[in-house]
Amino acid sequence: MKNDLKEILLDEAVIRSRIQELGKEIDDFFQEKEILLITLLDGAIVFTADLIRNLSIPLRLDCLRVSSYGDSTDPETAPRILSSLKSDVRDREILLVDDILDTGNTMQKVHDEVMARQPASVHSCVFLDKPDRRENDFKADWVGFSIPDEFVVGYGLDYAGRYRQLPYVGTLKPVIYEDS
Ligand code: PRP
């Protein structure tokens, strides 16, 4: 699988260190207030698993399944929320967690849906941000890494459902997606 990569952008040590910093920043911000952390499946599963183990504040976890990209590298449709939350959002401190902020349409959609349920607050944390791709003015409160507009996989991010288990982030050789 590693042979399919053109380059490793973020290695395991760099990712670990940045997530420790994010954990401290989020802990400091919420100051022992309990949060409801809503993670956006599937891509955020790896980041979320590491992030929550670097948080000391009390938290509960809920998951939303959202999909927009299907098996391609470009969004084909507007993001769709494919599942419902098990938790009550009203009056809770919400932290939305996703693997990547690309066009921003997914986060904007989820943010709007959650806001409509009258939480105490809604904040967001993304592992990667591609600001050049943004189609709206959504800004995450915490960003792991800002990256250029290149197709990346690993650490939860997939191409056609594959490569999510790579413990680092890399760019795919164009031949991998040009042939399919
Ligand atoms: C990816 C990613 C984000 C979203 C970001 O999800 O996980 O949720 O796209 O893109 P946007 O900012 O342009 O909306 P995808 O639909 O590929 O599903 P996945 O999480 O299952 O990989």
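Note that ligands are numbered from 1 as they come in the structure, with each ligand's atoms numbered from 1 the same way. Starting from 1, each residue takes its place in the sequence as its number. Quantities reported herein were computed from a predicted structural model and do not represent experimental measurements.
Of the N or O atoms in Gly43, one or more lie within a sub-3.5 Å distance of an N or O in ligand 1. Close N/O approach between Met107 and ligand 1 is not found [any backbone or side-chain N/O within under 3.5 Å].
Asn105 and Glu135 share a side-chain donor-acceptor pair at under 3.5 Å.
Heavy-atom proximity to Leu41, at under 4.0 Å, picks out these atoms of ligand 1: 20 (O). Heavy-atom proximity to Thr106, at under 4.0 Å, picks out these atoms of ligand 1: 4 (C), 5 (C), 8 (O), 10 (O), 11 (P), 14 (O). Close contacts of ligand 1 with Thr103, meaning ligand atoms under 4.0 Å from a residue heavy atom, involve 11 (P), 12 (O), 13 (O), 14 (O). Residue Asp98 has at least one heavy-atom neighbour below 4.0 Å for each of these atoms of ligand 1: 3 (C), 7 (O), 8 (O). Within ligand 1, counting atoms from 1 as listed, the ones closer than 4.0 Å to a heavy atom of Gly104 are 11 (P), 12 (O), 13 (O). Ligand 1 places these atoms under 4.0 Å from at least one heavy atom of Asp158: 22 (O).
With a 4.0 Å heavy-atom cut-off, ligand 1 is reached by the backbone of Ile100 and by its side chain too. The backbone and the side chain of Asp42 each have at least one atom closer than 4.0 Å to an atom of ligand 1 (non-hydrogen atoms only). Contact annotation: for Lys130 versus ligand 1, there are no heavy atoms closer than 4.0 Å.
The minimum heavy-atom distance linking Phe151 with Asp158 is given by the pair CZ-O, 3.5 Å. For the residue pair Pro119 and Val122, the shortest heavy atom distance occurs at CG-CG2, 3.5 Å. Nearest approach of Arg18 to Val143, heavy atoms of both residues: NH2-O, 2.8 Å.
Ring geometry for His123 versus Phe30: interplanar angle over 60°, hence perpendicular rather than tilted (30 to 60°). Note: Phe47 and Phe127 have tilted aromatic rings, judged against thresholds of 30 and 60 degrees for the angle between ring planes.
Within the 4.0 Å heavy-atom shell around ligand 1 one finds Arg164.
Applying the side chain to side chain donor-acceptor pair (under 3.5 Å) rule to pairs touching residues 6-16 yields Lys6-Glu150, sequence neighbours excluded.
Looking only at distances, a side-chain donor or acceptor of Thr48 sits under 3.5 Å from a matching main-chain atom of Ala44.
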